[in-house]
There are 2 protein chains.
Amino acid sequence: MNTTQRTDQQTSADRRRRELLEAADRVVLRDGPHASMNAIAAEAGITKPILYRHFGDKGGLYAALAVRHTDALLASLRAALDAPAERRQRVESTLDTYLAAIEARPQVYRFLMHPAEGAGTPGDQSEQGFDVGRHSAPLLRRMGEELAQVIEERLDVGPGTQQLARVWGHGIVGMMHAAGDWWLGERPCPREELVRTLADLLWGRLAEAGDKAGGPGF
Amino acid sequence: MNTTQRTDQQTSADRRRRELLEAADRVVLRDGPHASMNAIAAEAGITKPILYRHFGDKGGLYAALAVRHTDALLASLRAALDAPAERRQRVESTLDTYLAAIEARPQVYRFLMHPAEGAGTPGDQSEQGFDVGRHSAPLLRRMGEELAQVIEERLDVGPGTQQLARVWGHGIVGMMHAAGDWWLGERPCPREELVRTLADLLWGRLAEAGDKAGGPGF
DNA sequence: ACTCGGTGTTACCGCAAGTAACACGCAGGG
DNA sequence: CCCTGCGTGTTACTTGCGGTAACACCGAGT
């Protein structure tokens, strides 16, 4: 008797939820990592308590937002990872996919990774921001775990593969993230060069390189 | 005429500053990443405005704290990096030094990297914390730049060494950081194993590994 | 007509960052 | 001896944010 009601309500609530998320997205895209609940509510044309009814608390809204973007990014990454090509080529295109994503929407990226980085003027009060440990970490963690799974599934590295895959997954994601963060800030080189250099690093060129004359070597 | 006065005041102010920093350190070590200005002031036996007179704002205090710890950590890392041994050995001992440091003082580590991660109980209001983008990034950036310099000084990788060294420096630091963060949370294996696995990654075992039977490979 | 669930509002609390404005103690100079 | 600076400390406040309680409207079902 109430199944249609249920579904109607569900979809109605879901639509609201999506609208709110899109509004939040817009305000994040515009205002960068500040984005107070008030601002988001205003952008959505409503007031704070509704946001809280839908998302519980700020973490909930943030998590929902992060899930959206992370899902999209992960889909792209999976596509790059699954492409039919040489391993080196696949690694490069995966790196490139990630870097292209953060390059395309630096605001969103900064919001996801470094929330509450605003606080430009000294009088700016808007510095009480999100927490990061509980949200950006999960984002990176999720990428790390996904990559670990891919590595474990496809790579043959003898015994202890599972442990090794997870270490490598998180390590590679961290490498990608840190290098991308730095690159995004300084733009010292075109993207392809960064991709190539990182792939070189993963390909063991650090071990192969010779010592420079005069020093103790590295 | 006022040179001695000046220096006296200077040293006096510096002593105060150090005392305040040590108090801040203590409260961070105890309370984890919460650490409100009030709490720090109370621990130091004084009140808020004095902290603000000494450090300007919370970012200033945080930066001073971060510099302290980063300096200490960088000194250890430099020592490991400069040890007279094979390159692989030096890389492993550097990784181990970093991981041992974050293992020894996880509270401090979490404060530096993921401030404002507390907020355990839902009723906990103490979630308005620091920003991270302006502080944890500089910390990682600094490590990345240091490592880049070491790489550039000692490694011979042909033309474009400078750019490459910086990419690798930030990338390796990010790998270390992300893997360490994950490991610190889950403790899936002893430290030496993590160190060995990460070094293996840097040594190109990803490229060398064979495909697993049945999949498209990786 | 009367309830009832959903959507929305205003008005408030608590907290933490940051800031006046005032108070004590102690040099030196009339 | 007093009084003027100045460094150090305080109390008491403002602002802005996250989060919540209590009330208001409105369309559907009986």
Side-chain angles (χ1 to χ4, degrees), chain A residues 1-2 4-17 19-20 23-24 27 31 33-42 44-63 115-116 118-131 134-135, chain B residues 1-2 4-17 19-20 23-24 27 31 33-63 115-116 118-119 121-131 134-135:
Chain A
M1 106 296 203
N2 58 3
T4 59
Q5 272 188 4
R6 261 291 173 96
T7 50
D8 282 3
Q9 288 171 203
Q10 202 97 349
T11 59
S12 152
D14 268 1
R15 270 229 299 253
R16 260 305 177 258
R17 195 187 160 91
E19 286 172 17
L20 298 186
V27 78
D31 292 0
H34 317 52
S36 74
M37 294 298 261
N38 262 323
I40 294 174
I46 51 164
T47 48
K48 264 194 304 178
I50 305 183
L51 281 184
Y52 285 95
R53 287 230 249 271
H54 274 274
F55 300 104
D57 64 347
K58 192 164 190 171
L61 194 162
Y62 179 83
T121 53
D124 192 345
Q125 221 81 0
S126 67
E127 164 152 9
Q128 37 254 69
F130 298 99
D131 51 347
R134 286 201 308 195
H135 301 303
Chain B
M1 104 293 204
N2 58 2
T4 57
Q5 271 187 7
R6 262 289 173 91
T7 50
D8 281 2
Q9 287 171 205
Q10 201 96 348
T11 59
S12 153
D14 268 1
R15 271 228 300 253
R16 245 344 158 252
R17 195 187 160 89
E19 287 173 16
L20 298 186
V27 78
D31 291 0
H34 313 52
S36 76
M37 293 299 258
N38 262 324
I40 293 174
E43 169 68 29
I46 53 166
T47 49
K48 262 194 304 177
I50 304 184
L51 282 183
Y52 284 95
R53 284 229 252 271
H54 274 274
F55 300 103
D57 64 346
K58 193 164 188 169
L61 194 163
Y62 178 82
T121 53
D124 193 345
Q125 222 82 359
S126 67
E127 166 153 8
Q128 37 254 68
F130 298 100
D131 51 348
R134 285 203 310 194
H135 301 303

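Quick note on labels: first sequence line is chain A, next is B, and so on, each numbered from 1.
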How many angstroms lie between [atom1] in [X] and [atom2] in [Y], if you round to the nearest 0.5 Å?
X: B/L51; Y: B/M37; atom1: CG; atom2: CE; value: 5.0 Å
X: A/D57; Y: A/Y62; atom1: CG; atom2: OH; value: 13.5 Å
X: A/R16; Y: A/I50; atom1: CZ; atom2: CD1; value: 8.0 Å
X: A/L61; Y: A/R17; atom1: CG; atom2: CZ; value: 8.5 Å
X: B/F55; Y: B/I40; atom1: CZ; atom2: CD1; value: 9.0 Å

Measure from [atom1] on [X] to [atom2] on [N] and round the result to the nearest Å.
X: A/Y52; N: D/dG19; atom1: OH; atom2: P; answer: 4 Å
X: B/M37; N: D/dC13; atom1: CE; atom2: P; answer: 21 Å
X: B/D57; N: D/dG16; atom1: CG; atom2: C1'; answer: 16 Å
X: A/K58; N: D/dG18; atom1: NZ; atom2: C1'; answer: 7 Å
X: A/Y62; N: D/dG19; atom1: OH; atom2: P; answer: 15 Å
X: B/N38; N: D/dT11; atom1: CG; atom2: C1'; answer: 12 Å
X: B/F55; N: C/dA17; atom1: CZ; atom2: C1'; answer: 16 Å
X: A/R15; N: C/dG6; atom1: CZ; atom2: C1'; answer: 15 Å

Sort me out a list of protein N/O and nucleotides 8-11 of chain C N/O pairs below 3.5 Å, or just none if empty.
| residue | atom | partner | partner atom | Å |
| --- | --- | --- | --- | --- |
| C/dG8 | OP1 | A/R16 | NH2 | 3.0 |
| C/dG8 | N7 | A/R53 | NH2 | 2.5 |
| C/dG8 | O6 | A/R53 | NH2 | 3.0 |
| C/dT9 | OP2 | A/T47 | N | 2.9 |
| C/dT9 | OP2 | A/T47 | OG1 | 2.3 |

Checklist entry - So which pairs with a foot in residues 44-53 of chain A pass salt bridge (Lys or Arg N to Asp or Glu O under 4.0 Å), sequence neighbours left out? => result none
